[in-house]
Amino acid sequence: MDELIKLVSVFFRIGLFTVGGGYAMLPMLQREVVEKYKWLTEEEILNIYAIGQSTPGIIAINVATFVGTRRKGLTGAIAATLGMVLPSLIIITLIAAFFTEFKDNAYAKSAFEGVRAAVAGLLVIIVAQMVKKAVTDILGYLLMFGAFSAIVFFKAPAIPVILLGGIIGIIYYSAIAAKNFKASPETNEKNAPAKKPDTDNQQEIEK
Amino acid sequence: MIYLKLFYIFFKTGLFTIGGGLATLPLLHEQTVGAGLISNQDFYDMLAVSQSTPGPIGINLATYVGYELGSIPGAIIATLAMVAPSIITIYVIAKFISDFNKNAYVRRAMRGFRPTAVGMIATAAYFVLVNSVIPGGKNSEPQEGASQIVIGGIFLLSAYLYYKYKPHPVFIIIGSAIAGIIFLG
């Protein structure tokens with residue numbers, strides 16, 4: 001019980017002091033989970049991030065669930081996740097309740113006109129930075145432009161688009177791996193990128 | 001039944017979000033604005049609030065949309081629905097599979113998912129640009145020339161400042177709100 005309360009309170013604090021995306025909570029997570037409570041090592045945290053990034057769900061929640069499961073099984077997972085979402089639930093509910101009241105206020109309207117323009121500016125930069133990190137080869141560019149056009153110009157639904165991206169990734173990179181294997185049987189997937197940097201993602205190798 | 005609908009929408013959004021909270025944007029936009037549940041403007045206002053308040057953006061968005069559509073029970077249901085897929089998949093992975101990321105097929109699928117997700121997030125940037133910055137966008141109200149210049153200026157300045165100095169988004173959002181009140185009021 002003690003441990004469950006601790007899980008809730010630690011992740012409550014992390015949720016409360018994380019403003020922005022899942023990466024913003026990494027330093028906080030390190031301080032609380034690694035240094036203070038020694039629940040996990042630094043390396044384990046980074047592995048969890050890698051897994052959290054590549055499984056369904058928001059990274060921050062995935063990390064909380066993972067730490068909770070490792071500590072206390074399913075109840076631990078629920079406790080940590082609950083702690084993580086509680087600050088959002090409380091703060092956003094308060095803001096939303098207040099916001100609907102003042103949304104039609106003339107000042108608020110002008111303020112939000114400015115804010116929307118700023119959000120557009122932020123998103124453009126965020127996308128540009130993501131391109132640098134996530135798009136590493138020709139197929140990446142094709143998938144990115146393909147997904148964008150499918151949604152913007154053809155109004156394609158989002159779920160099939162993301163699923164198709166994954167399927168194409170499996171087919172394409174498997175074909176490349178098979179080709180590399182044929183060309184030089186001693187070259188396994190792990191050291192292939194050293195010879196053909198375009199075909200394998202360095203990030204994954206580091207993981 | 002709005003609660004069931006909220007649960008369904010956010011469970012689906014949680015399940016198909018891979019990566020950070022911003023990856024929820026296109027799907028959530030489709031499920032809420034596309035379905036006529038909330039207006040486009042409200043959606044991007046919520047995004048601005050979600051980015052500048054504590055907590056993961058995806059969760060903030062879920063709570064917010066849930067509250068708008070179903071008050072406090074709606075907020076709770078939307079948030080729980082959003083995290084349910086995470087709890088299920090991560091629990092299974094943490095319990096049974098220790099080297100999930102070492103599987104070659106999983107890695108290849110992820111290499112396909114990531115650029116696709118970037119393309120989808122780019123659509124969010126595109127839609128907010130078209131709707132709130134570019135003159136004559138389908139949802140923007142007719143603006144005087146001067147207001148249009150201010151809006152364009154806020155857009156460019158925020159992009160520049162964020163690129164150059166990487167401040168926390170909350171500062172840019174507060175700054176742009178103040179600029180809006182002064183120059184667009």
Side-chain angles (χ1 to χ4, degrees), chain A residues 15-16 19 21-22 50-51 53-62 65-66 69 77 81 85 87-89 91-93 96 107 110-125 127 130-131 134-135 140 143-144 147-148 151-152 158-159 162 165-166 168-170 173 201 204, chain B residues 14-16 19-21 26-27 30 44-45 48 53-56 58-60 63-64 67 75 79 83 85-87 89-91 94 101 107-116 118-123 125 128-129 132-133 151 154-155 158-159 162-163 172-173 176-177 179-181 184-185:
Chain A
L16 188 61
V19 184
I51 294 171
Q53 260 182 318
S54 41
T55 44
I58 300 165
I59 297 175
I61 298 301
N62 290 353
T65 309
F66 207 107
T69 307
T81 308
V85 302
S88 295
L89 261 177
I91 293 168
I92 296 287
T93 301
Y107 289 112
S110 322
F112 268 98
E113 255 174 67
V115 168
R116 275 193 292 271
V119 167
L122 292 181
L123 281 177
V124 167
I125 301 300
V127 168
M130 284 181 165
V131 171
V135 186
L143 285 175
M144 180 180 73
F148 182 84
I151 290 173
V152 170
I159 292 171
I162 189 95
I168 293 175
I170 292 179
Y173 295 114
N201 189 341
E204 256 122 20
Chain B
L15 189 60
F16 287 99
L27 188 60
E30 173 191 303
Y44 288 108
D45 293 348
T53 44
I59 296 302
N60 291 349
T63 308
Y64 210 136
Y67 183 88
T79 307
V83 302
S86 294
I87 295 189
T89 35
I90 296 291
Y91 176 72
N101 268 31
R107 281 207 333 264
R108 289 166 193 162
M110 289 313 149
R111 288 190 61 189
F113 279 143
R114 275 196 296 256
T116 312
V118 174
M120 292 172 70
I121 296 168
T123 64
V128 67
L129 257 175
S132 323
V133 180
I151 288 175
I154 293 175
F155 165 73
S158 342
Y162 190 61
Y163 173 75
I172 288 184
I173 285 169
S176 65
I181 292 172
L184 300 169

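Residue numbers start from 1 in every chain, and the chains themselves are labelled A, B, ... in the order their sequence lines are given, proteins ahead of strands.
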Asks: Is T69(A) close to chain B through its backbone or its side chain, or both, or neither, when contacts mean heavy atoms under 4.5 Å?
Replies: side chain
Asks: Could you measure the distance from the CZ atom of F66(A) to the CD1 atom of I90(B)? Nearest 0.5 Å is fine.
Replies: 6.5 Å
Asks: Can you name the nearest heavy-atom pair linking G140(A) to P115(B), along with the distance?
Replies: O-CB, 3.3 Å
Asks: Please identify, among L129(B), N60(B), T79(B), L27(B), the residue contributing the most non-hydrogen atom pairs under 4.5 Å to chain A.
Replies: N60(B)
Asks: Using a cut-off of under 4.5 Å for heavy-atom pairs, which of P87(A), A147(A), A117(A), A77(A) has the most such pairs with chain B?
Replies: A117(A)
Asks: Do you know the tightest heavy-atom contact between I162(A) and F16(B)?
Replies: CG2-CD2, 4.3 Å
Asks: State, yes or no, whether a side-chain contact exists between V124(A) and F155(B) at a heavy-atom distance under 4.5 Å.
Replies: yes
Asks: Could you tell me which of I151(A), I168(A), V135(A) has the largest number of non-hydrogen atom pairs under 4.5 Å with chain B?
Replies: I151(A)
Asks: Could you report the tightest heavy-atom contact between A111(A) and I181(B), atom names first, then the distance?
Replies: CB-CG1, 3.7 Å
Asks: Name the member of P26(B), A159(B), A179(B) that forms the most heavy-atom pairs with chain A at distances under 4.5 Å.
Replies: A159(B)
Asks: Which heavy atom of G112(B) sits nearest to which heavy atom of Y173(A), and what is that distance?
Replies: N-CE1, 4.4 Å
Asks: Measure the spacing between CE of M110(B) and CD1 of I170(A) and express it to the nearest 0.5 Å.
Replies: 8.5 Å
Asks: For chain A, which candidate among A75(B), A48(B), P85(B), A122(B) shows the most heavy-atom pairs at distances under 4.5 Å?
Replies: A122(B)
Asks: Which heavy-atom pair separates F112(A) from D45(B) by the least distance, and what is that distance?
Replies: CD2-OD1, 3.2 Å
Asks: Heavy-atom pairs under 4.5 Å with chain B - which of I91(A), I125(A), V127(A) has more of them than the others?
Replies: I125(A)
Asks: What I'd like to find out is whether the side chain of T93(A) reaches to under 4.5 Å of the side chain of T63(B), using heavy atoms alone.
Replies: yes
Asks: Heavy-atom pairs under 4.5 Å with chain B: which of I92(A), L123(A), V119(A) has the most?
Replies: I92(A)
Asks: For chain A, find which of S86(B), G14(B), S158(B) contributes the most heavy-atom pairs closer than 4.5 angstrom.
Replies: S86(B)
Asks: Relative to chain B, which of T81(A), L122(A), V131(A) shows the most heavy atom pairs under 4.5 Å?
Replies: L122(A)
Asks: If you count heavy-atom pairs under 4.5 Å between each of T89(B), I173(B), I154(B), I87(B) and chain A, which one has the most?
Replies: I87(B)
